There are 2 protein chains.
Amino acid sequence: MTAQKKSPTIYDVAKKSGVSISTISRVLNDPDKVNPETHKRVMDAIDQLGFIPRADARARALQNTDRIGVLTPFFTAPSFVQRLRGVASALSKANYELVIYPVDSMDHLQGYISSIPLMRNIDGLIIMSLSMGDQDALRLSKSGMETVLIEYSHPQLNSILIDDMNGGRLVAEHLIKKGYRSFAFLGDIEPPERFAIHPIKSRLTGYKQALQDAGFSLAKTYIRSAPYTAMETRQAARELIGLSKPPAAIFAASDMQAMSVMKVAREMGKRIPDDLALVGFDDIDVAEHVDLTTIRQHLDESGRLAAEILLSRIGESERPLQHINLPLKLIERLTT
Amino acid sequence: MTAQKKSPTIYDVAKKSGVSISTISRVLNDPDKVNPETHKRVMDAIDQLGFIPRADARARALQNTDRIGVLTPFFTAPSFVQRLRGVASALSKANYELVIYPVDSMDHLQGYISSIPLMRNIDGLIIMSLSMGDQDALRLSKSGMETVLIEYSHPQLNSILIDDMNGGRLVAEHLIKKGYRSFAFLGDIEPPERFAIHPIKSRLTGYKQALQDAGFSLAKTYIRSAPYTAMETRQAARELIGLSKPPAAIFAASDMQAMSVMKVAREMGKRIPDDLALVGFDDIDVAEHVDLTTIRQHLDESGRLAAEILLSRIGESERPLQHINLPLKLIERLTT
DNA sequence: GTCATTGTTGAAAGTGCTTTCAGTTTAGCA
DNA sequence: TGCTAAACTGAAAGCACTTTCAACAATGAC
């Protein structure tokens, strides 16, 4: 059987080097305050024993954990992954660990929000694309847990938002400028998941308004609500493209859904952009691979920013709250 | 200023309900052993105070943490994300937290491997696509930290492998069966990252062997080594497709690289699969969106499996090690 | 030679919970 | 009514550290 010997504690080191545990702790955390000779003796003992302080004990005494949590739905969807990438890159520089709490349901979210701040096993919290009641927000704020919201805002908490409505406008303006004259929308307008926030409606609103402002209209038949799943998006796309008078351009509310439209168009023998123009939203990595025109919402950046805000506030919590609005940008590729 | 009142401890509850802290603890952990009346009184106090036991203190006393760590390179690359998805789904059922340690360098990896088992702030460890020396593996094994390796194996640790060589064979056999007669390979054969493992060579070997077995050959000019980045992959693809005698079929060693090839083919006016057949590897989510023929390596499943093995071994560590070989399957879509 | 100062160290308290052990109360039975 | 067993509860130890506080020694100033 393998040894399974438990790792040495600070007491073992103390015994071995003939000093008290306080001194060991000091060697580790405040080396200047200890005599060079003692220091060396302790270090030798540490090396010989292969001692490493236990993170949890340390965290307990220190009252901080060097760990930050991310509360997120759909954490493997590309757009969320890209935000996580931003978060991770900021955190790993600062030597923080990343704990992910996947949220699958309303209960889940409630459970996390009510227990996380009090369990105190993280130093800060990033909440992505999740809505919450006033009460929850207040609880978080009062609990002293540093929190940054992404894609949602509350006066008591830091937040990073994007202007979805404007994103819709940008799409409309671009399509008009490119000469298209009939427009459709396809997106997850009324999603079943009540726990996640859904900016899709705003994108549609901005799109519709901008079209109207320019004298165009968005017919009811050209607005298709389809859940995020590939299957259902494709069905909606098929219907849209199969209309006797199909639209000249489709705005898909997310890049993944735009890719479903591309697939359907291919199946139905429609060329993009000649027979059908297509714009997505998000600018996830693959968008560039498939040459999809889309709205870039700086996903990486939003994650990085959230992490940086958090880190800057941890340990210096009296700084004013930040409410950031990230700009959107239309990236023109080959589908329009 | 917001209250910042610290959360109530078990002591507060004890005082409020007029019993000792032991009883509170018992109410929480072993309710049967406490008088119903006392139980109710304690619960009332808990509710009134909004008490929640602090996870770290609990973990400390309990000597376990309900947290598992994943050591992974490129954690936002699609194939890794999909494995993480599998891990997360298995863990959330069991109420475990997921801690991600992104590995960016050899040093990083070394640091993690030597400190993680001793810090003991996780209960188990999944290591993805990272190679390690015998010494590290032994250290992990001896430390008693339950560990599962994915895409790498060591006799002392659990492992989940895929048969890359066979994957290469499957591709060759498929292409031959479909009637293609000249073959190329494009992949990250000699990657600069020494810390991550690289199964690409095996895929190439299997591919080459199967071709030779069938009486075909894989010319040197048809083998292109390109780093994983989109830019460089595209350059390699351009060269390959631009040859005076371009190959009829390309095997790209990963789906992402295959997508780069698709983009280049589109740019160069080549139709897939008529002018050029293409096979990827991994079967990431988007592969289906772009109708890419590929080798499915059950990414989700490998992650889920790893997590399940871990959970089953935690607390029951005398179970025999598991070495699992996941089967591969060719998924035919529209690029061949 | 005495006193103050500085540098270095150890004892002990604190962190918030679980769990063992022993003591007290209650119930059951003769 | 008295005794025993069962049920319940509290004190205290343990977990592995950090940190405060006080003690001690050494050094230098007067």
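What you are looking at is a predicted structure, and each value in this text was computed from that prediction instead of being measured. First the proteins, then the strands, lettered A, B, ... as listed; each starts at 1.
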**OP:** Could you run through nucleotides 19-25 of chain D and give me one letter per nucleotide, 5' to 3': B if any protein heavy atom sits under 4.0 Å from the base, S if only the sugar-phosphate is that close, - if neither?
**Re:** BB-----

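Relative to the axis of its first five pairs, the axis of the last five pairs of the helix from C:dG1-D:dC30 to C:dA30-D:dT1 sits at 50°, rounded to 10 degrees.
Not a single donor-acceptor pair under 3.5 Å links the side chain of A:Arg304 to the backbone N or O of A:Arg85.
Rounded to whole Å, atom P of C:dG10 lies 12 Å from atom CD1 of A:Ile10. In this structure, A:Asp32 places its CG atom 18 Å from P of C:dT6, rounding to the nearest Å. Between A:Leu28 atom CG and D:dC17 atom C1' there is a gap of 10 Å when expressed in whole angstrom units. The CD1 atom of A:Ile24 sits 12 Å away from the P atom of C:dA11 (whole-angstrom rounding). One atom, NE2 of B:His39, and another, P of D:dT9, lie 11 Å apart when rounded to the nearest Å. Across the protein-nucleic acid pair, A:Asp66 atom CG and D:dC17 atom P stand 16 Å apart, rounded to whole Å. In this structure, NZ of B:Lys33 is placed 12 Å from P of C:dC21, rounded to the nearest angstrom. Regarding B:Tyr11, its OH atom lies at a distance of 12 Å from the P atom of D:dA12, rounded to whole Å.
Among all heavy-atom pairs drawn from B:Ser302 and B:Ile150, the shortest one is O-CD1, 3.9 Å.
Residues B:Val13 and B:Lys16 fail the side-chain proximity criterion, which asks for heavy atoms closer than 4.5 Å.
Between atom CG of residue A:Leu157 and atom CD of residue A:Glu146 there is a gap of 9.5 Å, rounded to the nearest 0.5 Å.
Using a cut-off of 4.0 Å between Lys/Arg side-chain N and Asp/Glu carboxylate O, A:Glu37 and A:Lys40 are scored as not salt-bridged. Ion pair B:Asp136/B:Arg139 flagged as a salt bridge, since at least one NZ, NE, NH1 or NH2 atom sits closer than 4.0 Å to an Asp/Glu carboxylate oxygen.
The side chain of A:Arg54 contributes an N or O atom lying less than 4.0 Å from OP1 or OP2 of D:dA16.
Between the side chains of A:Asn29 and A:Arg58, at least one donor-acceptor pair of N or O atoms lies under 3.5 Å. With no hydrogens or angles considered, no side-chain donor-acceptor pair links A:Thr65 and A:Asn121 at under 3.5 Å.
With sequence neighbours excluded, the residues forming a side-chain contact (heavy atoms from CB on, under 4.5 Å) with B:Ser129 are B:Pro73, B:Phe80, B:Arg83, B:Glu151, B:Ile197, listed by chain and number.
Residue A:Thr38 has its side chain nearest to C:dT9 when only C:dC17, C:dG10, C:dT9 are considered.
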